[in-house]
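Structure first, then comments.
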Amino acid sequence: MTFPADFVWGAATAAHQVEGGNWNSDCWALESARPSLFVEHSGVACDQFARYGDDLAILAGLGLNTYRFSIEWARVEPEEGGFSQQALDHYKRIIDACWSRNIQPMATFHHFTNPRWVARDGGFQNDRFPERFARYCETVACAFGDQLAYACTINEINLPDSLDQLMARVKAKYPDRVAAGEAAIGAPIESFFLFAGVAGYTARAVRTHELARDAIKSAAPHVPVGMTMSIQECEAEPGGEAGVAAYKQRVYAPYYDSAKRDDFLGVQTYTRMRFGADGKATRRPPPDAELTQMGYEYRPQALGAACRDAWAATQTPIIVTESGIATQDDGRRRAFIRSALEGVSAAMAAGVDIRGYVYWTLLDNFEWMSGYAPTFGLVGVDRRTMARAIKPSAVMIGEIARANSLEAATKSADQVLSAGAAVGVSDR
Ligand code: FCB
């Protein structure tokens with residue numbers, strides 16, 4: 001179970017979830033609405049806008065070679081056509097800090113949030129969205145695109161398609177929260193990414209990705225560019241085969257088609273979905289399943305299955321850009337990582353071209369509508385002092401990355417902890 005010498009080993013974050021103070025975004029406005037769809041406010045998040053240097057030092061110290069982060073459009077283009085040189089400089093400093101520690105920067109240009117002016121104007125429902133987004137991508141790429149190791153256009157571009165029924169239920173159940181949110185952003189809730197999966201979205205999203213990819217490529221031709229997709233293992237219960245096929249056709253196929261022309265495809269997997277004879281998808285786990293803090297089925301094997309599906313459909317090289325588990329039990333996190341990587345390794349042995357594995361997430365952070373309760377991080381964050389606490393799973397991933405081998409994953413917790421003593425590990 002060894003990996004190629006240039007295999008990408010990383011951890012991911014997203015701007016809104018870690019930076020703090022992202023007040024010019026639609027998400028901040030929705031969090032501030034009363035009542036709100038969000039259980040709490042992102043506030044200072046992990047204060048990473050100020051502390052990115054410390055976090056990169058941790059990541060490099062562990063032995064990882066790649067940092068996936070996102071660039072916040074709301075900071076870079078606070079008003080239409082008005083670009084902030086200060087914001088561009090900030091992200092350029094992050095990139096410089098990565099390279100100075102031998103870390104490859106992988107930047108995502110859109111991770112769920114829009115600037116308020118974009119939201120006010122209908123966000124994803126506006127036909128001008130693709131051009132607006134591409135103009136921002138072009139500006140960023142001209143500023144420092146050629147210094148990126150990888151560029152991801154839109155994070156989980158197909159997530160709105162997969163969330164459509166769930167969000168319709170949320171709308172029906174919480175009309176007051178939706179109304180307050182709409183008043184706060186000044187537009188229908190479908191303007192916001194997580195609710196955007198309505199008629200017209202898919203075609204507009206594909207077009208957005210393609211314009212963005214071309215814009216980045218024209219400024220930084222040698223930088224690999226791809227989208228990332230939410231791809232879960234899809235399992236048919238008896239009679240559910242047609243449901244699986246229809247779901248994949250609607251939620252995966254249009255993006256797989258576009259990804260065939262990309263340099264890589266980012267695969268992001270968290271669990272298994274099951275389909276009943278009624279054709280409906282459910283993330284509801286089997287009755288005896290172990291559940292994560294998100295209520296998902298504990299299912300590390302889903303990652304290998306998702307990679308095989310994506311490869312069969314696209315033949316485009318894969319980077320696992322997110323895989324992870326929300327749990328307070330770091331031993332379960334280590335087991336999850338080990339098992340997910342066994343699936344990656346088996347898929348590679350079967351011919352699937354996988355170039356890297358990026359764990360979600362580096363830090364315990366703001367998990368969107370669920371707030372700060374779910375802890376996906378390799379590193380804990382004290383919400384009062386912002387102090388970072390490295391967990392044994394972080395040390396384990398670092399050892400796997402340094403050795404390019406899963407051997408390190410077979411160590412006992414004690415051995416992992418003693419290896420981690422040097423980097424200040426705490427068992428939480
Ligand atoms: C993914 C998102 C990421 C994080 C994880 C748990 O859908 O890309 O920001 O919230 O789920």
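Whatever order the structure lists them in is the order used to number ligands and atoms, beginning at 1. These numbers were taken from a predicted model, which means no experiment stands behind them.
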Output side-chain donor-acceptor pairs under 3.5 Å for residues 184-202, partner residues at least two apart or in another chain, one line each.
residue, atom, partner, partner atom, Å
E190, OE2, K171, NZ, 2.6
S191, OG, A119, O, 3.0
Y201, OH, I157, O, 2.7
T202, OG1, D161, OD1, 2.7

Q.
Could you check whether K217 pairs with D214 (Lys NZ or Arg NE/NH1/NH2 to Asp/Glu carboxylate O, under 4.0 Å)?
A.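 No, K217 and D214 are not salt-bridged.
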
Q: Would you mind checking if D89 and R93 are paired as a salt bridge, meaning a charged N to carboxylate O distance below 4.0 Å?
A: no

Q.
Show me, by chain and number, every protein residue that has a heavy-atom distance under 4.0 Å to ligand 1.
A. Q17, H111, F112, N155, E156, Q268, Y270, E322, W360, E367, W368, F376

Q. When the ring centroid of H110 is compared with that of Y136, is the distance short of 6.0 Å?
A. no

**Q.** W73/F133 aromatic ring centres below 6.0 Å
**A.**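 Yes.
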
Q) Do E72 and N24 have side-chain atoms, one donor and one acceptor, less than 3.5 Å apart? A)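 Side-chain D/A pair, E72 to N24: absent.
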
